[in-house]
Amino acid sequence: MKNLSIIVAVANHNVIGINNKLPWHLPEDLKRFRALTTGHHIIMGRKTYESLGRLLPNRTTVIVTRNKNYQIEGALIAHNLKAALDFCDGDAEPFLIGGAELYKEGVQLANKIYLTEVHADFKGDAFFEQINLMRWQQEEREKHIAENGLQYSYVSYFAK
């Protein structure tokens with residue numbers, strides 16, 4: 001089985017986004033995201049890529065889209081998650097970074113989840129499914145308070 005890690009930030013009620021954007025501002029989590037994913041493949045859906053608006057430096061970007069004509073210079077294009085994983089051969093830890101539709105499929109294939117729990121309520125239209133503790137075991141949990149006062153926790157899970 002190929003390695004796949006999921007990295008996701010989730011607010012109360014499993015909210016991960018609204019209008020293809022993060023509903024919160026958490027610079028500390030963005031720094032952690034960069035530290036964990038730099039040097040690796042990052043797999044994302046087309047909408048996630050378009051919300052970023054650019055390729056992220058020092059990472060190999062794999063975009064999953066059903067559009068057979070979709071092309072982004074400097075990115076690899078796959079038409080499903082398994083094909084995206086094929087682009088990641090040789091990477092010890094490729095990361096799935098969104099969105100909701102890919103997360104739903106990816107959680108079945110992944111062996112690690114890096115979850116940032118944002119302890120606040122936000123409106124959202126994209127959600128991460130509840131972690132199934134029959135399949136996942138919590139490995140670590142660190143509580144933090146951001147400079148802006150937002151409370152959050154870094155939680156990592158590994159597949160049982």
Side-chain angles (χ1 to χ4, degrees), residues 1-11 13-27 29-118 122-137 139 154-160:
M1 187 174 114
K2 295 183 181 195
N3 283 337
L4 177 63
S5 292
I6 288 176
I7 189 164
V8 60
V10 179
H13 313 293
N14 296 330
V15 170
I16 61 172
I18 189 163
N19 299 323
N20 289 318
K21 302 248 182 279
L22 291 175
W24 53 80
H25 182 63
L26 197 52
D29 190 46
L30 297 176
K31 287 178 189 151
R32 178 177 182 255
F33 174 89
R34 183 172 54 242
L36 287 169
T37 61
T38 293
H40 293 283
H41 288 72
I42 52 174
I43 300 169
M44 67 191 82
R46 176 193 53 80
K47 289 183 205 169
T48 299
Y49 169 74
E50 290 175 356
S51 75
L52 293 171
R54 65 186 177 97
L55 298 174
L56 298 178
N58 306 312
R59 285 155 273 204
T60 302
T61 300
V62 184
I63 301 169
V64 179
T65 178
R66 290 181 200 94
N67 180 345
K68 302 287 187 207
N69 300 315
Y70 195 78
Q71 294 182 343
I72 296 294
E73 188 174 333
L76 302 169
I77 306 299
H79 301 296
N80 60 59
L81 184 54
K82 289 190 172 149
L85 281 169
D86 289 341
F87 282 126
C88 302
D89 281 349
D91 187 338
E93 190 172 23
F95 286 87
L96 177 57
I97 70 166
E101 198 174 317
L102 276 180
Y103 280 143
K104 192 171 191 123
E105 183 179 354
V107 81
Q108 305 304 318
L109 303 172
N111 50 336
K112 186 151 188 173
I113 299 174
Y114 296 90
L115 184 75
T116 301
E117 292 177 349
V118 180
F122 291 93
K123 288 187 177 176
D125 58 15
F127 302 89
F128 191 76
E129 62 184 55
Q130 190 69 36
I131 302 262
N132 177 351
L133 296 177
M134 297 297 287
R135 172 160 157 54
W136 296 97
Q137 182 166 327
E139 190 173 32
Y154 294 139
V155 188
S156 57
Y157 293 91
F158 63 90
K160 290 181 180 179

Worksheet item: Mind checking whether Phe33 and Leu56 have side chains closer than 4.5 Å, heavy atoms only?
Response: yes

Discussion item. Contact between Leu55 and Glu73 at the side-chain level, heavy atoms closer than 4.5 Å - yes or no?
Written reply: no

Fill in: Rounded distance (nearest 0.5 Å) linking atom NZ of Lys160 with atom CZ of Arg135
11.0 Å

Discussion item. Please determine whether the number of non-hydrogen atoms from other residues, nucleotides or ligands lying under 6.0 Å from atom CD of Glu50 exceeds 12.
Written reply: yes

Item to complete: Go through the steps to decide whether Leu115 and Ile6 satisfy the test side-chain contact (heavy atoms from CB on, under 4.5 Å), and finish with yes or no.
Response: CA-CA 8 Å; Leu115 184 75; Ile6 288 176; over 6 Å; no

Worksheet item: Taking only residues two or more places apart in sequence, or in another chain, which ones meet Asn69 in a side chain to side chain donor-acceptor pair (under 3.5 Å)?
Response: none

Worksheet item: Going through the checks in order, is the side-chain hydrogen bond (donor to acceptor under 3.5 Å, both in side chains) test met by Asn14 and Gln130?
Response: CA-CA 7 Å; Asn14 296 330; Gln130 190 69 36; 3.2 Å; yes

Item to complete: Using a 4.5 Å cut-off on heavy atoms from C-beta on, say whether the side chain of Val107 contacts that of Trp136.
Response: yes

Practice prompt. Give the intermediate values and the outcome of side-chain contact (heavy atoms from CB on, under 4.5 Å) for residues Leu109 and Leu85.
Written response: CA-CA 10 Å; Leu109 303 172; Leu85 281 169; 4.1 Å; yes

Worksheet entry | Phe127 to Val15 - nearest heavy-atom pair and separation | CE2-CG2, 3.6 Å

Practice prompt. Write down the atom of Ile18, the atom of Asp125, and the distance for their closest heavy-atom approach.
Written response: CA-OD1, 3.2 Å

Discussion item. Looking at Phe87, is its backbone amide N or carbonyl O close enough to the side chain of His41 to form a donor-acceptor pair, meaning the two atoms are under 3.5 Å apart?
Written reply: yes

Discussion item. If I take atom NZ from residue Lys123 and atom CG from residue Asn19, how far apart are they, to the nearest 0.5 angstrom?
Written reply: 11.5 Å

Item to complete: For the pair Asn3 (side chain) and Ala92 (backbone), establish whether a donor and an acceptor sit closer than 3.5 Å, ignoring hydrogens and angles.
Response: yes

Item to complete: For residues Ile113 and Phe158, determine if any side-chain heavy atom of one lies less than 4.5 Å from a side-chain heavy atom of the other.
Response: no

Practice prompt. Taking all non-hydrogen atoms of both residues into account, name the closest pair between Ala75 and Ile63 and its distance.
Written response: CB-CD1, 3.8 Å

Worksheet item: Would you say the side chain of Asp29 lies within less than 4.5 Å of the side chain of Tyr154, judging by non-hydrogen atoms?
Response: yes

Worksheet item: Is Lys2 salt-bridged to Glu93, going by a charged N under 4.0 Å from an acidic O?
Response: no

Worksheet, complete the sentence: On a heavy-atom basis, the closest approach of Leu36 and His40 is O-CD2, 3.4 Å

Worksheet item: Any salt bridge between Glu139 and Lys112, counting N to O under 4.0 Å?
Response: yes

Practice prompt. Specify whether Phe128 and Tyr103 have parallel, tilted or perpendicular ring planes, treating 30° as the upper limit for parallel and 60° as the lower limit for perpendicular.
Written response: perpendicular

Worksheet item: Between Lys82 and Glu105, does a salt bridge (Lys or Arg N to Asp or Glu O under 4.0 Å) hold up when you go through it step by step?
Response: CA-CA 10 Å; Lys82 289 190 172 149; Glu105 183 179 354; 5.9 Å; no

Worksheet, complete the sentence: Tightest non-hydrogen contact, residues Val64 and Leu81, listed as CG1-N, 4.2 Å

Worksheet entry | Sub-4.5 Å side-chain heavy-atom contact between Thr116 and Leu26 | yes

Worksheet entry | Worked verdict on Leu52 versus Met44 for side-chain contact (heavy atoms from CB on, under 4.5 Å) | CA-CA 10 Å; Leu52 293 171; Met44 67 191 82; 3.8 Å; yes

Worksheet entry | Phe95/Tyr114 under ring-ring contact (aromatic ring centres under 6.0 Å, His included): CA gap, chis, key distance, verdict | CA-CA 10 Å; Phe95 286 87; Tyr114 296 90; 5.7 Å; yes

Worksheet item: What do the steps show when you test Tyr157 against Leu133 for side-chain contact (heavy atoms from CB on, under 4.5 Å), and what is the final call?
Response: CA-CA 9 Å; Tyr157 293 91; Leu133 296 177; 4.0 Å; yes

Worksheet entry | Residues Asn58, Thr38; criterion side-chain hydrogen bond (donor to acceptor under 3.5 Å, both in side chains); working and verdict | CA-CA 6 Å; Asn58 306 312; Thr38 293; 5.5 Å; no

Fill in: Approximate separation, where rounding is to 0.5 Å, of Leu96 CG and Thr37 OG1
12.0 Å

Discussion item. Quick check for you: to the nearest 0.5 Å, what is the distance between Leu76 atom CG and Gln71 atom CD?
Written reply: 12.0 Å

Discussion item. If I take atom CD1 from residue Ile16 and atom CH2 from residue Trp24, how far apart are they, to the nearest 0.5 angstrom?
Written reply: 7.5 Å

Worksheet item: Is a side-chain N or O of Thr48 found less than 3.5 angstrom from the main chain of Gly99, in a donor-acceptor match?
Response: yes

Worksheet item: Do you know the tightest heavy-atom contact between Ala100 and Ala126?
Response: CB-CB, 4.2 Å

Worksheet item: Do Arg34 side-chain atoms and Arg32 backbone N/O form a donor-acceptor pair below 3.5 Å?
Response: no

Item to complete: Supply the atom-to-atom distance Ile42 CD1 to Cys88 SG, rounded to the nearest 0.5 angstrom.
Response: 10.0 Å

